[in-house]
Number of protein chains: 2
Amino acid sequence: MATKVLPQPEREEIRVEAVLQALGEPVRLTIVRALADNPAGVCCGEIELPVTASTRAHHLKTLREAGVLSTHTDGTRRISILRREDLEALYPGLLTGILSAKQ
Amino acid sequence: MATKVLPQPEREEIRVEAVLQALGEPVRLTIVRALADNPAGVCCGEIELPVTASTRAHHLKTLREAGVLSTHTDGTRRISILRREDLEALYPGLLTGILSAKQ
DNA sequence: TCACTAGTTCGATCGTCATCGTACTACGAT
DNA sequence: ATCGTAGTACGATGACGATCGAACTAGTGA
(Lines give C-alpha, C1' and ligand atoms only; values in the text may rest on other atoms or scores of the structure.)
Protein backbone atom coordinates (compact mmCIF):
# COMPACT_ATOMS: atom_id res chain seq x y z
CA MET A 1 0.00 0.00 0.00
CA ALA A 2 3.12 2.22 0.22
CA THR A 3 1.78 5.28 1.97
CA LYS A 4 3.61 8.43 1.02
CA VAL A 5 4.09 11.68 2.90
CA LEU A 6 3.37 14.83 0.91
CA PRO A 7 6.08 17.51 0.79
CA GLN A 8 6.19 19.72 3.86
CA PRO A 9 8.70 22.02 5.54
CA GLU A 10 11.13 20.66 8.10
CA ARG A 11 10.59 21.89 11.63
CA GLU A 12 13.38 24.45 11.35
CA GLU A 13 11.94 25.76 8.12
CA ILE A 14 8.61 26.69 9.65
CA ARG A 15 8.06 30.46 9.87
CA VAL A 16 5.77 31.96 12.45
CA GLU A 17 4.33 34.47 9.96
CA ALA A 18 3.25 31.65 7.68
CA VAL A 19 1.72 29.73 10.57
CA LEU A 20 -0.25 32.71 11.83
CA GLN A 21 -1.37 33.69 8.38
CA ALA A 22 -2.50 30.13 7.75
CA LEU A 23 -4.43 30.02 11.02
CA GLY A 24 -6.02 33.42 10.47
CA GLU A 25 -8.54 32.10 8.00
CA PRO A 26 -11.88 30.80 9.29
CA VAL A 27 -12.07 27.70 7.08
CA ARG A 28 -8.51 26.73 7.89
CA LEU A 29 -9.08 27.29 11.58
CA THR A 30 -12.04 24.93 11.35
CA ILE A 31 -9.78 22.33 9.77
CA VAL A 32 -7.20 22.74 12.52
CA ARG A 33 -9.85 22.34 15.20
CA ALA A 34 -11.09 19.17 13.55
CA LEU A 35 -7.55 17.79 13.40
CA ALA A 36 -6.98 18.66 17.03
CA ASP A 37 -10.02 16.59 17.94
CA ASN A 38 -8.64 13.60 16.04
CA PRO A 39 -5.00 12.97 16.93
CA ALA A 40 -4.98 9.85 14.75
CA GLY A 41 -5.58 11.96 11.67
CA VAL A 42 -8.54 12.88 9.56
CA CYS A 43 -9.43 12.25 5.98
CA CYS A 44 -9.83 15.65 4.29
CA GLY A 45 -13.28 14.93 2.96
CA GLU A 46 -14.63 14.06 6.37
CA ILE A 47 -14.43 17.58 7.67
CA GLU A 48 -17.61 19.48 7.02
CA LEU A 49 -16.77 22.75 5.34
CA PRO A 50 -18.81 25.36 3.49
CA VAL A 51 -16.57 25.22 0.42
CA THR A 52 -16.05 23.04 -2.63
CA ALA A 53 -13.49 20.26 -2.88
CA SER A 54 -11.00 22.37 -4.80
CA THR A 55 -11.08 25.13 -2.21
CA ARG A 56 -10.69 22.55 0.50
CA ALA A 57 -7.61 21.18 -1.26
CA HIS A 58 -6.23 24.69 -1.52
CA HIS A 59 -6.58 25.28 2.22
CA LEU A 60 -5.04 21.94 3.08
CA LYS A 61 -2.08 22.75 0.87
CA THR A 62 -1.69 26.12 2.53
CA LEU A 63 -1.72 24.54 5.98
CA ARG A 64 0.71 21.83 4.91
CA GLU A 65 3.15 24.30 3.34
CA ALA A 66 2.99 26.47 6.44
CA GLY A 67 3.96 23.45 8.53
CA VAL A 68 0.71 23.21 10.44
CA LEU A 69 -0.26 19.76 9.29
CA SER A 70 1.20 16.68 7.69
CA THR A 71 -0.50 14.64 5.00
CA HIS A 72 0.11 11.08 3.91
CA THR A 73 -1.62 8.98 1.33
CA ASP A 74 -3.71 5.95 2.22
CA GLY A 75 -4.97 4.42 -0.97
CA THR A 76 -7.07 7.05 -2.68
CA ARG A 77 -7.50 8.91 0.59
CA ARG A 78 -5.21 11.45 2.17
CA ILE A 79 -4.90 11.55 5.89
CA SER A 80 -3.96 14.81 7.55
CA ILE A 81 -2.46 15.10 11.00
CA LEU A 82 -1.79 18.19 13.10
CA ARG A 83 1.95 18.72 13.62
CA ARG A 84 1.48 19.23 17.34
CA GLU A 85 4.99 18.26 18.40
CA ASP A 86 6.71 20.53 15.94
CA LEU A 87 4.48 23.50 16.66
CA GLU A 88 4.74 22.98 20.41
CA ALA A 89 8.53 22.83 20.14
CA LEU A 90 8.69 26.01 18.07
CA TYR A 91 5.94 28.03 19.72
CA PRO A 92 5.14 26.48 23.09
CA GLY A 93 1.58 27.26 24.10
CA LEU A 94 0.45 28.73 20.81
CA LEU A 95 -1.68 25.82 19.69
CA THR A 96 -3.15 25.29 23.14
CA GLY A 97 -4.04 28.94 23.36
CA ILE A 98 -5.78 28.97 20.02
CA LEU A 99 -7.71 25.79 20.69
CA SER A 100 -8.86 27.04 24.08
CA ALA A 101 -10.82 29.83 22.39
CA LYS A 102 -14.53 29.55 23.05
CA GLN A 103 -15.00 30.24 19.32
CA MET B 1 -3.96 66.57 29.77
CA ALA B 2 -7.01 64.26 29.87
CA THR B 3 -5.67 61.17 28.20
CA LYS B 4 -8.28 59.26 26.28
CA VAL B 5 -8.50 55.59 25.35
CA LEU B 6 -9.30 54.89 21.72
CA PRO B 7 -12.23 52.57 20.96
CA GLN B 8 -11.39 48.89 21.30
CA PRO B 9 -13.32 45.64 21.78
CA GLU B 10 -14.09 44.39 25.27
CA ARG B 11 -12.33 41.21 26.26
CA GLU B 12 -15.39 39.08 25.53
CA GLU B 13 -15.76 40.66 22.11
CA ILE B 14 -12.33 39.57 20.95
CA ARG B 15 -12.44 36.88 18.27
CA VAL B 16 -9.57 34.48 17.75
CA GLU B 17 -9.86 34.70 13.96
CA ALA B 18 -9.36 38.45 14.08
CA VAL B 19 -6.39 38.13 16.43
CA LEU B 20 -4.67 35.52 14.28
CA GLN B 21 -5.35 37.42 11.09
CA ALA B 22 -3.96 40.57 12.68
CA LEU B 23 -0.83 38.77 13.85
CA GLY B 24 -0.29 37.06 10.52
CA GLU B 25 1.10 40.17 8.87
CA PRO B 26 4.85 40.83 9.09
CA VAL B 27 4.63 44.55 9.82
CA ARG B 28 2.04 44.01 12.52
CA LEU B 29 4.02 41.19 14.04
CA THR B 30 6.98 43.57 14.26
CA ILE B 31 4.76 46.05 16.09
CA VAL B 32 3.59 43.39 18.54
CA ARG B 33 7.18 42.32 19.24
CA ALA B 34 8.13 45.92 19.92
CA LEU B 35 5.21 46.32 22.30
CA ALA B 36 6.11 43.10 24.08
CA ASP B 37 9.57 44.52 24.72
CA ASN B 38 8.07 47.66 26.25
CA PRO B 39 5.36 46.79 28.76
CA ALA B 40 4.96 50.46 29.65
CA GLY B 41 3.77 51.23 26.14
CA VAL B 42 5.30 52.59 23.01
CA CYS B 43 4.65 55.66 20.95
CA CYS B 44 3.65 54.50 17.45
CA GLY B 45 6.25 56.58 15.69
CA GLU B 46 9.08 55.14 17.70
CA ILE B 47 8.83 51.72 16.14
CA GLU B 48 11.01 51.45 13.08
CA LEU B 49 8.94 50.16 10.22
CA PRO B 50 9.44 50.00 6.46
CA VAL B 51 6.15 51.76 5.74
CA THR B 52 4.76 55.28 5.68
CA ALA B 53 2.91 56.90 8.55
CA SER B 54 -0.50 56.25 7.05
CA THR B 55 0.19 52.56 6.60
CA ARG B 56 1.48 52.43 10.14
CA ALA B 57 -1.74 54.00 11.37
CA HIS B 58 -3.71 51.44 9.39
CA HIS B 59 -1.87 48.54 11.02
CA LEU B 60 -2.26 49.99 14.48
CA LYS B 61 -5.96 50.38 13.90
CA THR B 62 -6.21 46.79 12.74
CA LEU B 63 -4.40 45.55 15.83
CA ARG B 64 -6.51 47.71 18.11
CA GLU B 65 -9.79 46.61 16.55
CA ALA B 66 -8.71 42.98 16.80
CA GLY B 67 -8.11 43.50 20.50
CA VAL B 68 -4.37 42.97 20.40
CA LEU B 69 -3.38 46.37 21.68
CA SER B 70 -4.79 49.35 23.50
CA THR B 71 -4.08 52.95 22.57
CA HIS B 72 -4.45 56.07 24.64
CA THR B 73 -3.63 59.64 23.82
CA ASP B 74 -0.86 61.55 25.55
CA GLY B 75 -0.85 65.07 24.20
CA THR B 76 -0.24 64.79 20.49
CA ARG B 77 1.23 61.32 20.91
CA ARG B 78 -0.57 58.01 21.08
CA ILE B 79 0.75 55.34 23.33
CA SER B 80 0.05 51.73 22.47
CA ILE B 81 0.17 48.87 24.94
CA LEU B 82 -0.08 45.15 24.32
CA ARG B 83 -3.26 43.69 25.87
CA ARG B 84 -1.33 40.89 27.49
CA GLU B 85 -3.78 40.18 30.29
CA ASP B 86 -6.80 39.94 28.02
CA LEU B 87 -5.05 37.79 25.46
CA GLU B 88 -3.56 35.54 28.12
CA ALA B 89 -7.00 35.10 29.70
CA LEU B 90 -8.64 34.27 26.38
CA TYR B 91 -5.86 32.24 24.77
CA PRO B 92 -3.42 31.18 27.46
CA GLY B 93 0.00 30.58 25.97
CA LEU B 94 -0.68 32.03 22.57
CA LEU B 95 1.25 35.24 22.98
CA THR B 96 4.14 33.53 24.73
CA GLY B 97 4.33 30.97 21.97
CA ILE B 98 4.44 33.57 19.25
CA LEU B 99 7.01 35.72 20.99
CA SER B 100 9.25 32.74 21.63
CA ALA B 101 9.71 32.27 17.89
CA LYS B 102 13.31 32.73 16.83
CA GLN B 103 11.95 34.88 14.02
C1' DT C 1 -2.40 83.70 16.78
C1' DC C 2 0.55 81.03 14.05
C1' DA C 3 3.32 77.61 12.83
C1' DC C 4 4.99 72.83 13.91
C1' DT C 5 4.53 68.11 15.00
C1' DA C 6 2.06 63.55 15.63
C1' DG C 7 -1.11 61.09 13.87
C1' DT C 8 -5.59 59.94 11.30
C1' DT C 9 -8.72 59.69 7.36
C1' DC C 10 -9.82 59.33 2.60
C1' DG C 11 -9.54 57.74 -2.03
C1' DA C 12 -6.93 55.25 -5.40
C1' DT C 13 -4.06 51.56 -6.84
C1' DC C 14 -2.22 47.22 -6.94
C1' DG C 15 -1.25 42.58 -5.36
C1' DT C 16 -2.64 38.67 -3.05
C1' DC C 17 -5.75 35.12 -2.11
C1' DA C 18 -10.32 32.67 -1.40
C1' DT C 19 -13.41 30.75 -4.38
C1' DC C 20 -15.18 28.17 -8.17
C1' DG C 21 -15.65 24.99 -12.30
C1' DT C 22 -13.28 21.99 -15.17
C1' DA C 23 -9.96 18.86 -16.35
C1' DC C 24 -6.77 15.71 -14.67
C1' DT C 25 -4.41 11.82 -11.74
C1' DA C 26 -4.41 7.88 -8.86
C1' DC C 27 -6.27 4.07 -6.53
C1' DG C 28 -9.80 0.41 -5.87
C1' DA C 29 -13.48 -2.59 -7.27
C1' DT C 30 -16.26 -4.89 -10.58
C1' DA D 1 -10.40 -2.80 -19.10
C1' DT D 2 -13.77 0.20 -17.15
C1' DC D 3 -15.96 2.68 -13.93
C1' DG D 4 -16.37 5.23 -9.61
C1' DT D 5 -14.34 7.76 -5.96
C1' DA D 6 -10.88 10.92 -3.61
C1' DG D 7 -8.35 14.39 -4.35
C1' DT D 8 -5.21 17.76 -7.03
C1' DA D 9 -3.97 21.26 -10.62
C1' DC D 10 -5.11 24.97 -13.41
C1' DG D 11 -7.10 29.21 -14.98
C1' DA D 12 -10.43 32.81 -14.11
C1' DT D 13 -12.82 35.87 -11.19
C1' DG D 14 -13.88 38.74 -7.47
C1' DA D 15 -13.03 40.52 -2.96
C1' DC D 16 -10.20 42.05 0.44
C1' DG D 17 -6.37 44.47 2.17
C1' DA D 18 -1.51 46.62 2.15
C1' DT D 19 0.29 50.58 0.42
C1' DC D 20 0.71 55.35 -0.75
C1' DG D 21 -0.01 60.54 -1.13
C1' DA D 22 -2.70 64.29 0.16
C1' DA D 23 -5.76 66.54 3.03
C1' DC D 24 -7.27 66.91 7.61
C1' DT D 25 -7.36 67.12 13.10
C1' DA D 26 -5.50 68.06 17.42
C1' DG D 27 -2.14 69.33 20.78
C1' DT D 28 2.36 72.20 21.83
C1' DG D 29 5.08 75.98 21.97
C1' DA D 30 6.75 80.46 20.34
Side-chain angles (χ1 to χ4, degrees), chain A residues 1-8 15 17-35 38 40-81, chain B residues 1-8 15 17-32 34-35 38 41-81:
Chain A
M1 68 130 70
T3 76
K4 197 181 133 191
V5 176
L6 271 60
Q8 64 180 34
R15 293 165 304 122
E17 293 89 354
V19 172
L20 291 172
Q21 198 170 337
L23 296 174
E25 209 281 332
V27 175
R28 289 196 288 258
L29 196 52
T30 304
I31 295 174
V32 170
R33 288 202 178 102
L35 295 188
N38 297 273
V42 170
C43 172
C44 327
E46 286 171 8
I47 309 172
E48 199 166 340
L49 294 172
V51 293
T52 64
S54 60
T55 303
R56 179 189 311 255
H58 162 68
H59 285 310
L60 284 166
K61 187 180 182 184
T62 302
L63 287 166
R64 177 161 24 88
E65 290 178 344
V68 176
L69 56 80
S70 179
T71 307
H72 66 267
T73 61
D74 172 28
T76 128
R77 310 204 154 185
R78 308 221 165 171
I79 309 296
S80 292
I81 300 179
Chain B
M1 69 130 70
T3 76
K4 198 181 135 194
V5 176
L6 271 61
Q8 64 180 36
R15 292 166 304 121
E17 293 88 353
V19 172
L20 291 172
Q21 197 169 338
L23 296 175
E25 209 281 332
V27 175
R28 290 197 286 260
L29 196 53
T30 304
I31 295 174
V32 169
L35 295 188
N38 297 273
V42 170
C43 172
C44 328
E46 286 171 7
I47 308 173
E48 198 166 340
L49 294 172
V51 294
T52 64
S54 59
T55 304
R56 180 190 310 256
H58 163 67
H59 285 310
L60 286 166
K61 186 179 182 183
T62 302
L63 286 167
R64 175 160 26 88
E65 289 178 346
V68 176
L69 56 81
S70 179
T71 306
H72 66 268
T73 61
D74 171 29
T76 127
R77 310 206 154 184
R78 309 220 165 171
I79 309 296
S80 292
I81 300 178

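Protein chains get the first letters and strands the later ones, always in sequence-line order, with residue 1 at the start of each.
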Heavy-atom contacts, protein to nucleotides 1-15 of chain C, under 4.0 Å, summarised as B (base), S (sugar-phosphate only) or - (none) per nt, yield -----SSBB------

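- Summarising the geometry, the separation between CG on B:L29 and C1' on D:dA18 is reported as 16 Å, rounded to the nearest angstrom.
- The nearest pair of heavy atoms linking B:R78 to B:C44 is O-SG, 3.2 Å.
- The side chain of B:T52 places no N or O atom within less than 4.0 Å of a non-bridging phosphate oxygen (OP1 or OP2) of D:dT19.
- The backbone N or O of B:H58 lies less than 3.5 Å from a partner atom in the side chain of B:T62, making a donor-acceptor pair.
- If you measure from atom NZ of A:K4 to atom C1' of C:dT25, you get 12 Å, rounded to the nearest angstrom.
- With rounding to whole Å, B:E65 atom CD is found 15 Å from D:dC16 atom C1'.
- A donor-acceptor pair under 3.5 Å is absent between the side-chain atoms of B:R64 and the main chain of B:L6, judged by distance alone.
- Within 6.0 Å of CZ on B:R15 lie no more than 12 heavy atoms contributed by other residues, nucleotides or ligands.
- Whole-Å rounding puts the A:L63 CG to D:dT8 P distance at 12 Å.
- Counted by atom type alone, A:T73 and A:T3 present zero donor-acceptor pairs between their side chains at under 3.5 Å.
- The CG atom of A:L49 sits 15 Å away from the C1' atom of D:dA6 (whole-angstrom rounding).
- Between B:Q21 and D:dC16 there is no side-chain N or O to OP1 or OP2 distance below 4.0 Å.
- A pairwise comparison of heavy atoms in A:S80 and A:T71 identifies OG-OG1, 3.2 Å as the closest pair.
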